[in-house]
Amino acid sequence: MARYVVNRLAQAIMLLVIVSAIGFAILHLAPGGPLSQFAASAQMTQEDLDRVTKQLGLDRPLPIQYLDWFGRMLKGDWGKSYRDGEAVLSVISSHLGATLELMATATIIAVLLGCWIGILGALRRYSLFDTLATVGAMIALSIPTFWFGLVTIYVFSVKLGWLPAGNRHTVGDGSLLDLLHHLIAPALVLALVETAMWGRFMRSSMLEVINQDYIRTARAKGMPEWRILTVHALRNALLPMITVAGLQLPTLLGGALVAETVFTWPGMGRLFLDSIGYRDYPVVMGILMFSATMVLIGSLLADIFYAVVDPRIRVG
């Protein structure tokens, strides 16, 4: 088991290094480069640009810049924002809570609702409910998240006035009820695609389990159906979902970026897009590395946990 964990950890670290190198190169080789925001100012002279270039270390070869940035990142110095000079880690931490809040709420909704739909669809295979669930899942997976967000704002905010159109709080009101009121729309929109994916995966896993010989044996012995489903079928059907949970993180982060932008939710997704528009590359790289680390940790923990419950994985 220890050898398996070490191998997976080494793979995750190598992948993280590759992601950081590619991201750093793309950002610094993009048109305009890190100096484009400074050059846009009418007060900046060529001498000022040369001074800023030297201060930021941009006059050095790109590989040297990357190694210097990566070394400082490992020591906890992720750089400073071009926008206001604030430390990148401080900027990210100030927006992290809002993103985790949105992602956690959406995940709870998606897991509970998706698993229920998947289990019921497997038990009532080819029924009207199963057909409607399949069609609904295909629609949810086919239509972009931002479209659902805009429709939600138009229907429930503009027309009905039931939900706020955006933001995290009403100005001057920081109560929990106000937060939950603002959280409903973005969380439901983000959970929509996740629910469809969890439902399809759960249905497939449950169908595979209920057709196994040990399920038929349990029925032949006269075991109650509820006990067969809860003790034998559901427990084994949930095992593959452990890996699904880890693999859902990239989709969840991508969906959060769109939902936060549509609903002006002050999280990391909106910060990422704002930083790209401002060419605030230290913050962009910080969010990229933080998100990549979260995804790799989630995948690693899912693999380790699955290896614990299924010894065949670590043996292979």
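Heavy atoms only: backbone and side chains are in, while hydrogens, waters and symmetry mates are out.
One distance of note links CG of Leu288 with OH of Tyr281; it measures 13.0 Å at 0.5 Å rounding. The line from CD1 of Ile139 to CZ of Phe148 is 7.5 Å long, rounded to the nearest 0.5 Å.
The heavy-atom pair separating Ile153 from Ala165 by the smallest distance is CD1-O, 3.6 Å. In terms of heavy-atom proximity, Glu194 sits nearest to Ala110 at CB-CB, 3.4 Å. Of all the heavy atoms in Val209 and Ile215, the pair that sits closest is O-CG1, 3.3 Å. The minimum heavy-atom distance between Val91 and Ser81, with the atom names listed, is CG2-CB, 4.5 Å. The shortest heavy-atom contact between Ala237 and Ser205 is O-OG, 2.6 Å. Of all the heavy atoms in Arg216 and Asn211, the pair that sits closest is NH1-O, 2.9 Å.
A donor atom on one side chain and an acceptor atom on the other are found under 3.5 Å apart for Tyr66 and Ser20.
A donor-acceptor pair under 3.5 Å is absent between the side-chain atoms of Trp265 and the main chain of Ala259, judged by distance alone. Not one N or O on the side chain of Thr195 forms a donor-acceptor pair closer than 3.5 Å with the backbone of Gly114. For the pair Thr99 (side chain) and Met268 (backbone), a donor-acceptor distance under 3.5 Å is present. Here the side chain of Arg270 pairs a donor or acceptor atom with the backbone of Thr264 at under 3.5 angstrom.
Residues forming a ring pair (Phe, Tyr, Trp, His ring centres under 6.0 Å) with Phe146 (at least two apart in sequence, or on another chain): none.
Listed by first and then second residue, the ring-ring contact (aromatic ring centres under 6.0 Å, His included) pairs involving residues 99-118 are Trp116-Phe129 (not counting sequence neighbours). The stretch residues 175-189 participates, sequence neighbours left out, in no salt bridge (charged side-chain N to carboxylate O under 4.0 Å, His left out) pair at all.
Clustering ILVMFWY residues whenever any of their side-chain heavy atoms sit less than 4.5 angstrom apart, transitively, puts Leu177 in a cluster other than the one holding Leu102.
With respect to Arg83 and Asp274, no salt bridge is recorded, no charged nitrogen being found less than 4.0 Å from a carboxylate O.
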